[in-house]
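These notes are about the structure you will find just below.
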Protein chains: 2
Amino acid sequence: MKKGHQVTMKEIAKKLGVSVSTVSRALKDSPELHPETKKRIVEMAKSMNYQYNLLAQSLRISKSKVLGVIVPELTSHFFSSNISGIQDTAYKRGYNIMICQSNESFEQEKANVRTLVSSQVDGLLISLSRETKNYEHLMELYNREIPFIMFDRVTEDIPVSKVTVDDAHGAYLAVKHLLEQGCKKVAYFSGPEDLYISKKRKEGYLKALSEFGIPASESKVYMTDLTSEKNREVTLAMLASEDRPDGIFAMIDPLAIDIMMVLKEQGLKIPEEIALAGFTNNPTSAVIEPSLTTVSQPGYEMGQIAANHLLDQLDDLVPDEPQSFVLLTTLVPRNSSKKKPNA
Amino acid sequence: MKKGHQVTMKEIAKKLGVSVSTVSRALKDSPELHPETKKRIVEMAKSMNYQYNLLAQSLRISKSKVLGVIVPELTSHFFSSNISGIQDTAYKRGYNIMICQSNESFEQEKANVRTLVSSQVDGLLISLSRETKNYEHLMELYNREIPFIMFDRVTEDIPVSKVTVDDAHGAYLAVKHLLEQGCKKVAYFSGPEDLYISKKRKEGYLKALSEFGIPASESKVYMTDLTSEKNREVTLAMLASEDRPDGIFAMIDPLAIDIMMVLKEQGLKIPEEIALAGFTNNPTSAVIEPSLTTVSQPGYEMGQIAANHLLDQLDDLVPDEPQSFVLLTTLVPRNSSKKKPNA
DNA sequence: ATGAAAGCGCTAACAA
DNA sequence: TTGTTAGCGCTTTCAT
């Protein structure tokens with residue numbers, strides 16, 4: 001299937017007996033043009049159904065007005081919120097976005113970076129895959145001075161701007177809340193150890209424990225690769241453990257929900273026998289039963305801020321020095337943790 | 001912030017004392033080249049950190065290898081599944097995707113079409129906004145012979161390929177199931193009347209009723225604009241109605257879930273007093289309580305099929321005639337409707 | 001097996 | 001106020 005012919009400036013010029021530059025100027029609404037000529041050209045363009053060729057412009061001005069976005073997966077509500085924020089913001093500022101998903105694969109992520117760079121995106125917004133522990137591909141972007149920033153799944157090893165939430169504090173709020181509800185033995189269910197958010201949220205967990213004078217124990221930290229199978233397996237292992245926890249803080253909501261399913265299936269009362277809190281505030285968490293206590297993470301706003309900052313950098317509206325944006329999280333107490341009626 | 005310099009073929013050519021055409025041929029692995037020259041060039045390119053400029057290629061060959069995608073919203077699980085399928089497929093076949101969201105606005109959708117066309121996408125995949133009742137912008141694409149196809153939210157007024165599910169049949173399955181469970185008065189909760197899926201699913205609803213010898217009544221059809229407020233309002237109106245339904249088929253899961261919330265809040269037993277079924281099979285539906293009976297709609301596969309078909313058209317692998325892909329849906333019976341233990 | 005040259009559609013410095 | 005010209009980075013036909 002071949003595309004139909006597209007009208008070019010050249011054709012408009014010919015029809016009107018003017019030069020292409022004049023057409024270009026008229027269509028750009030340049031002031032140094034006779035209003036009459038401008039009018040004729042604009043009208044002719046409209047009548048010929050002229051459509052600007054952004055590709056040609058991009059090549060000429062060495063700017064594509066396209067932002068590349070790489071996320072681990074498109075179907076997670078959190079990431080699609082991010083993208084939504086990025087897309088709306090970019091669009092408002094005259095940019096389009098090109099999207100890739102790494103599917104949590106390091107190799108795929110590297111390939112994504114490559115194609116987006118080849119496509120001449122003006123900048124990139126990246127959220128790292130679970131597998132990414134080596135940052136050479138990012139270092140290369142950095143060395144080649146291709147503007148990019150990271151969000152949510154970031155690394156501190158690369159000196160670029162980052163947009164995250166106060167992961168440690170959010171986790172602290174959740175765990176503190178569980179302790180305030182009377183939990184004595186709170187477990188932390190964590191994703192892969194080297195994930196930035198796994199670490200940060202653990203910090204908050206430990207801080208809350210220590211504040212309540214509870215000695216931390218590695219036996220209360222449960223690690224999963226975040227697949228449903230593993231989540232289930234680890235939860236069952238926890239239930240079978242000698243010193244069964246009476247409260248759980250899960251690193252992300254989907255994990256918390258998997259845990260909840262197992263607890264319910266095993267006939268445990270939530271929150272009476274075991275309280276539960278997550279992190280993200282996915283839509284599901286509000287409607288599940290019992291409703292899930294969680295920490296809200298403003299995905300859409302993160303996307304907006306990330307995109308605006310990157311575009312500000314591109315437009316030299318802000319200094320080039322990397323900046324860190326840390327968004328606030330808030331605790332959303334719900335029934336999965338409320339042991340006390342007044343809480 | 002300015003981007004760093006990018007190496008071009010010209011520079012490689014100069015360094016090696018060959019012509020640009022030779023470099024181009026080497027990098028394309030053209031057979032009519034001395035293997036030795038080819039090797040030298042490829043190695044030089046690597047050592048100079050050469051990155052292909054897809055933009056320049058696109059302009060030259062009049063193909064961007066980019067697909068444009070327009071969806072009503074990015075954050076819905078169904079649409080992000082579609083996009084995921086489209087992205088994976090496109091990527092595998094050497095294409096990138098550019099994404100826009102219409103935010104359910106007709107004006108925005110028209111603007112999206114315009115920018116994507118300006119960006120010289122090779123083809124478009126479109127799912128219509130709720131507001132779209134006028135198809136001139138699509139007709140223009142059609143007349144300008146820009147390949148595009150529609151998915152999920154389609155219109156029959158434009159002769160292009162479409163990817164949908166058997167909406168009517170899926171709805172029929174759901175309603176039949178409710179009737180088999182003993183419901184006597186089944187209501188249909190519908191989105192905006194002129195939406196393709198509203199109409200199709202109503203067809204299925206009516207068919208099931210007639211098969212069970214139940215006279216259809218417009219008073220059992222409840223219309224909402226799908227906002228949570230309106231959903232709630234309409235549900236309350238239904239509960240207050242004289243002849244209260246004992247079963248509800250909701251056009252999409254999010255609507256079903258809003259309805260469920262109101263029913264639970266009003267103290268109604270689901271499914272005993274009122275049974276409920278949705279359509280889409282969102283992840284939430286499986287974990288909510290009671291779990292929601294629904295019709296599964298393969299979003300990812302729809303995206304794959306849509307993208308593959310469009311690319312097949314672009315590559316002349318299939319005839320240009322519009323084709324309709326109707327994917328099968330299956331009933332997913334869950335607790336929100338199971339009145340009989342053996343069902 | 002390789003090079004020269006034209007050109008994709010546009011912009012912008014320079015000329016007139 | 002408008003035109004001429006060169007060129008963005010690449011591909012491809014036509015020579016050699």
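Each chain gets a letter, A, B and so on, in the order its sequence line appears, and its residues count up from 1. If you're wondering where the values come from, they're calculated on a predicted model, not measured in any experiment. Both backbone and side-chain heavy atoms feed into the values below; hydrogens, waters and symmetry mates do not.
- In this structure A:His77 satisfies the ring-ring contact (aromatic ring centres under 6.0 Å, His included) test with no other residue, sequence neighbours excluded.
- Within residues 41-53 of chain A, the residues approached by DNA chain C to less than 4.0 Å at the level of any non-hydrogen atom are A:Tyr50, A:Tyr52, A:Asn53, in residue-number order.
- Partners of A:Pro159 according to the side chain to side chain contact (heavy atoms under 4.5 Å, CB included) rule, which considers only residues two or more places apart in sequence or in another chain, are A:Tyr142, A:Pro322.
- A sub-4.0 Å separation between OP1 or OP2 of C:dC8 and a side-chain N or O of B:Ser58 is absent.
- Atom NZ of B:Lys38 is separated from atom P of C:dG3 by 15 Å (rounded to the nearest Å).
- Electrostatic pairing of B:Lys14 and B:Glu11 does not count as a salt bridge here, judged by no charged N lying under 4.0 Å from a carboxylate O.
- Rounded to an integer number of Å, the gap from B:Gln57 CD to C:dG9 P is 15 Å.
- For residues 314-326 of chain B, the pairs satisfying salt bridge (Lys or Arg N to Asp or Glu O under 4.0 Å) are B:Arg93-B:Asp315, with sequence neighbours left out.
- Note on residues 149-164 of chain A: pairs passing salt bridge (Lys or Arg N to Asp or Glu O under 4.0 Å), not counting sequence neighbours, are A:Glu104-A:Arg153.
- One atom, CD of A:Gln6, and another, C1' of C:dC10, lie 14 Å apart when rounded to the nearest Å.
- A:Leu55 places its CG atom 11 Å from the C1' atom of C:dC10, with the value rounded to the nearest Å.
- Backbone-only engagement by A:Ile61 is indicated by non-hydrogen atom pairs under 4.0 Å involving sugar-phosphate atoms exclusively.
- Each of A:Glu32 and B:Leu59 lies near DNA chain D, and the nucleotide nearest A:Glu32 is the one positioned closer to the 5' end.
- Here the side chain of A:Thr8 is nearest to one of C:dT2, C:dC10, D:dG9, namely C:dC10.
- Qualifying ring-ring contact (aromatic ring centres under 6.0 Å, His included) partners for B:Phe325, counting only residues two or more places apart in sequence or in other chains: B:His309.
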Show me, pair by pair, the donor-acceptor contacts under 3.5 angstrom made by side chains of residues 133-141 of chain B, not counting sequence neighbours?
| unit_1 | atom_1 | unit_2 | atom_2 | d |
| --- | --- | --- | --- | --- |
| B:Asn134 | OD1 | B:Glu136 | N | 2.9 |
| B:His137 | NE2 | B:Glu109 | OE2 | 2.7 |

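- Looking at residues two or more places apart in sequence or on another chain, you find no side chain to side chain contact (heavy atoms under 4.5 Å, CB included) involving A:Ser62.
- If you measure from atom NZ of B:Lys28 to atom P of D:dT12, you get 7 Å, rounded to the nearest angstrom.
- A donor-acceptor pair shorter than 3.5 Å can be found between the side chains of A:Ser19 and A:Thr22.
- Rounded to a whole Å, the NZ atom of A:Lys10 is 11 Å from the P atom of C:dC10.
- Atoms NZ (B:Lys63) and C1' (D:dG9) sit 19 Å apart, rounded to a whole Å.
- Taking atom CG of A:Leu27 as the reference point, atom P of C:dA12 lies 14 Å away to the nearest angstrom.
- Listed in residue order, the members of residues 11-25 of chain B having a heavy atom less than 4.0 Å from DNA chain C are B:Gly17, B:Val18, B:Ser19, B:Ser21, B:Thr22, B:Arg25.
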